[in-house]
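Input: a single structure, listed below in C-alpha cells.
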Protein chains: 2
Amino acid sequence: MSQEFSGKGDPLKLMHLLWGKVQAPRRGPKPKVSLSELVAAAIVIADSDGIDAVSTRKVAEAVGISPMSFYTHVPSVAELHDLMLDQVLAECTQPPKDWQSWGWRQRLTCIAENLWQHYMRHSWVVEMETHRPILGPNTLANYELALSAIDGLGLDEIEMDMTVTSLHNYVLGAVRHAAREQSVWKDTGMSDNEWWFTIAPFLETLDYTSYPVTSRVGPVVGEAYGVGDPQRAFQFGLERFLDGMTLLIKRRG
Amino acid sequence: MSQEFSGKGDPLKLMHLLWGKVQAPRRGPKPKVSLSELVAAAIVIADSDGIDAVSTRKVAEAVGISPMSFYTHVPSVAELHDLMLDQVLAECTQPPKDWQSWGWRQRLTCIAENLWQHYMRHSWVVEMETHRPILGPNTLANYELALSAIDGLGLDEIEMDMTVTSLHNYVLGAVRHAAREQSVWKDTGMSDNEWWFTIAPFLETLDYTSYPVTSRVGPVVGEAYGVGDPQRAFQFGLERFLDGMTLLIKRRG
DNA sequence: AATAACTATTTACACTGTACAACATTTAAA
DNA sequence: TTTAAATGTTGTACAGTGTAAATAGTTATT
C-alpha cells in the first residue's frame, strides 16, 4: 500500500470534498462521473482486490474515464483514500433497534463488535487507517454514536472522548491479525493453518532455554487455537477494558 | 507502503533467515555484505525517511552492492520487512533493573510504555505490522518478557497469552495516531496544530444538529487538547485495561 | 584442469503516481 | 451571434518501483 497522506495537499480541499461542498462548475463540459461514483468504484476494487489494486488508472478505467481525468475530481490518491474511508464508514453510523433500552456496556460491546465486523468486511481499511482523523460526515456520525452510548453516566467530556478513542483504538489493534489473515488468504491462497503446519517442524528444532515461560505457555496455546485466535483475544481484551470502565463509572456515578 | 507479505514466498526460508540458520555457502565468491548489515541499512533508511523509502535499490546502494544483488540475500522485500521488524525489536527484549521487585501492574505498564516509545522511535513499524506473527528470536524474546511479567498470578496459559496479546494490540492501536503524526510532520513539515488551524474555520460552518453529543463534547475536548492527545488517550485506556485485569487476577488468585 | 556451486551484475518489463500540454465542451460576457 | 473564460478530457512523458531472466565472475571440490 501507499502511505500517502492527504496532508501533502490542501487540507481544506479535502474537507470540501468530504462534505460535498464543492461548488458546481458554472462553465465547461459536464463531468462524466460524480465524485461518489469514483469513490464507490475504488471501494469495490479495494473490497475485492485489496488496497494495492486501487490505482488511479484502475479506478479511472472502472468508471469509464481516462487515467488522467481522475485528477479533475480528486487532487491525488491520498485524498481518494480518505474519501474511501469516510464513505465506507457509512455502514457504521446507525444504532441497532432497541438501542435506547440497552445499558452502556451492551452498547459499547455492540459498537466494538460492529466495528470489528466492519473491518473484516473491508480489511483494506485496517491497512490504511490514516494519521489525522478524517473529519467527514460518516466518521463524525460514527463518533457521535459512540459518544451517545456513554452519555449521561457521569463521565466528563474528556473522559467520554478518551473512552471512545480507546475503544476504537483497541478494536483496530485487535482486528489487524484477523483482517490480514483474510487479505493474505485472498491473495496467496495460504491459510494460517497451512502456514503453521509449514513452519511447525522448524520450530521444534529451536532451543527454547532462553524462553522458559513461552515454552510452557506456547504448547498449550498452540493446542487450543494454533497460531492464534484473534476474535477470542479481542473478546478477552474488550471485557477487561469494559470491566475497567465499570470501575470508573461507579466512581463517577 | 507496500502491503507485501512474506506469505507469498516460502515461509520456511524466512524462518531460516530470521534465526540465522542459513548454511554458509561452501563455494563461490564471498558475499560482499551480510544479511544483518543489509537489514540494518534498511532500518536506518526507514528510521530517517519512512518505510516508503526502503526500496530494494536504495538498500542495495546503501550497502554498496548492485540493485539485483539484493535478491541474493533476501527473496523479496516482504522478507526484508519481516527481518526488519524482528531485528529492530531487539530493543524491547530486556527487562529494566528492579524488574524482579515489581508487581505485575508496574511490569505491564512498563512493557506497554516501552513498546509505545519503541513505536515512536521507529514509526515505520506501525505502518508495517504484518499479518502473521514474526516468529523470530527478538519477537519471541519480547513475548517471553511480557509473559514473565504475569507469570505465577493464577492465570492459566490461555489467559496469559490473551493478556499479552491484548495489551500489545492495544498499544499498537493507540500509538498509531502519535506515530503517524511524527511521520507526517517529517514528510510534510505540517504539524497537527497547523493542520487543525487550517480546517478549523471550515468546521465552524458545518451544521451540527445531527451530532448533538459531539457538539457538546467536541469544544471541551478541542479546548483541552486540540485535535487529540494520543498519549493521554493511551494512558487512559491502559489504566482501564489494567483495572480490568486486576478484577480477573483477584478472581483467580 | 575441469566442474559445480555460488555471488554479482546487466538488461528489461510491467506497473505506479502524476506533471504538462493540447484539445473539447459548455457557459457567461461582449 | 460572437468571443472569451472556465472547465473536463486526453495523450505523452518521466521517474520510481519490484523482480524475472540471462550473463559474468569467483571459489571449492573433484
Side-chain angles (χ1 to χ4, degrees), chain A residues 1-10 13 16-17 22-35 37-38 42 45-46 49-82 84 128 187-188, chain B residues 1-10 13 17 22-35 37-38 42 45-46 49-84 128 187-188:
Chain A
M1 169 186 102
S2 358
Q3 294 308 343
E4 305 297 326
F5 27 76
S6 50
K8 286 175 188 171
D10 181 2
K13 175 69 181 174
H16 284 96
L17 292 171
V22 271
Q23 73 280 19
R26 316 187 80 76
R27 303 184 183 184
K30 302 287 174 215
K32 280 191 181 174
V33 298
S34 71
L35 177 62
E37 282 173 321
L38 210 87
I45 297 175
D49 299 334
I51 193 62
D52 279 354
V54 178
S55 70
T56 55
R57 285 173 174 83
K58 281 185 194 153
V59 173
E61 191 193 356
V63 296
I65 57 178
S66 79
M68 284 307 289
S69 278
F70 174 92
Y71 291 95
T72 45
H73 303 88
V74 185
S76 82
V77 272
E79 278 81 5
L80 176 70
H81 286 165
D82 286 355
M84 289 169 69
M128 237 190 53
D187 280 29
T188 70
Chain B
M1 172 188 107
S2 358
Q3 295 306 345
E4 306 297 326
F5 27 75
S6 49
K8 287 175 186 171
D10 181 2
K13 174 69 181 173
L17 292 172
V22 269
Q23 74 280 19
R26 317 187 79 76
R27 303 183 185 186
K30 301 288 172 217
K32 281 191 180 177
V33 297
S34 72
L35 177 62
E37 282 172 321
L38 209 87
I45 296 175
D49 300 333
I51 192 63
D52 279 354
V54 178
S55 69
T56 57
R57 285 172 175 83
K58 281 186 196 155
V59 173
E61 191 193 355
V63 297
I65 58 178
S66 77
M68 284 307 287
S69 280
F70 174 93
Y71 292 95
T72 318
H73 303 88
V74 185
S76 84
V77 271
E79 278 81 5
L80 176 70
H81 286 166
D82 286 356
L83 290 166
M84 290 170 68
M128 238 190 54
D187 280 28
T188 68

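We use all heavy atoms of the structure for the numbers below, so side chains are in, but hydrogens, waters and symmetry mates are not. Small disclaimer: the values here were computed from a predicted structure and weren't measured.
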Can you tell if the side chain of [X] reaches within under 4.5 Å of the side chain of [Y], non-hydrogen atoms only?
X	Y	answer
B:F70	B:V63	no
B:I51	B:H81	yes
A:S69	A:V33	no
A:V54	A:L80	yes

Euclidean distance, atom [atom1] of residue [X] to atom [atom2] of [N] [Å, nearest integer]:
X	N	atom1	atom2	value
B:L80	D:dG18	CG	C1'	12 Å
A:E61	D:dT10	CD	C1'	15 Å
B:F70	C:dT7	CZ	C1'	15 Å
A:D52	C:dA14	CG	C1'	15 Å
A:I51	C:dT16	CD1	P	13 Å
B:H81	D:dG18	NE2	C1'	11 Å

*Is the count of non-hydrogen atoms from other residues, nucleotides or ligands lying under 6.0 Å from A:E61 atom CD greater than 12?*
no

Rounded to the nearest 0.5 Å, how far apart are [atom1] of [X] and [atom2] of [Y]?
X	Y	atom1	atom2	result
A:H73	A:E79	NE2	CD	14.5 Å
B:L38	B:I65	CG	CD1	5.5 Å
B:S76	B:D10	OG	CG	11.5 Å
A:S66	A:R57	OG	CZ	10.5 Å

_OP1 or OP2 of D:dT17 versus the side-chain N and O atoms of B:K58: is any pair under 4.0 Å?_
yes

*State whether B:K32 places a side-chain N or O below 4.0 Å from either non-bridging phosphate oxygen (OP1 or OP2) of C:dT9.*
yes

*asked:* From C-beta outward on B:S55, which listed nucleotide comes closest to its side chain: C:dT9, C:dT7, D:dG18?
replied: D:dG18

_Given DNA chain C, 5'-ward residue of the pair B:I65 and B:P25, judged by closest heavy atom_ = B:P25

Give me the distances for all protein-to-nucleotides 10-13 of chain C N/O pairs that come in under 3.5 Å?
none

*Tell me, for nucleotides 21-30 of chain C in 5' to 3' order, what letter each nucleotide earns: B for a base near a protein heavy atom under 4.0 Å, S for only sugar-phosphate near one, - for neither?*
----BBBS--

*Please work out if A:Y71 contacts a base, only the sugar-phosphate, or nothing of the nucleic acid, heavy-atom cut-off 4.0 Å.*
base

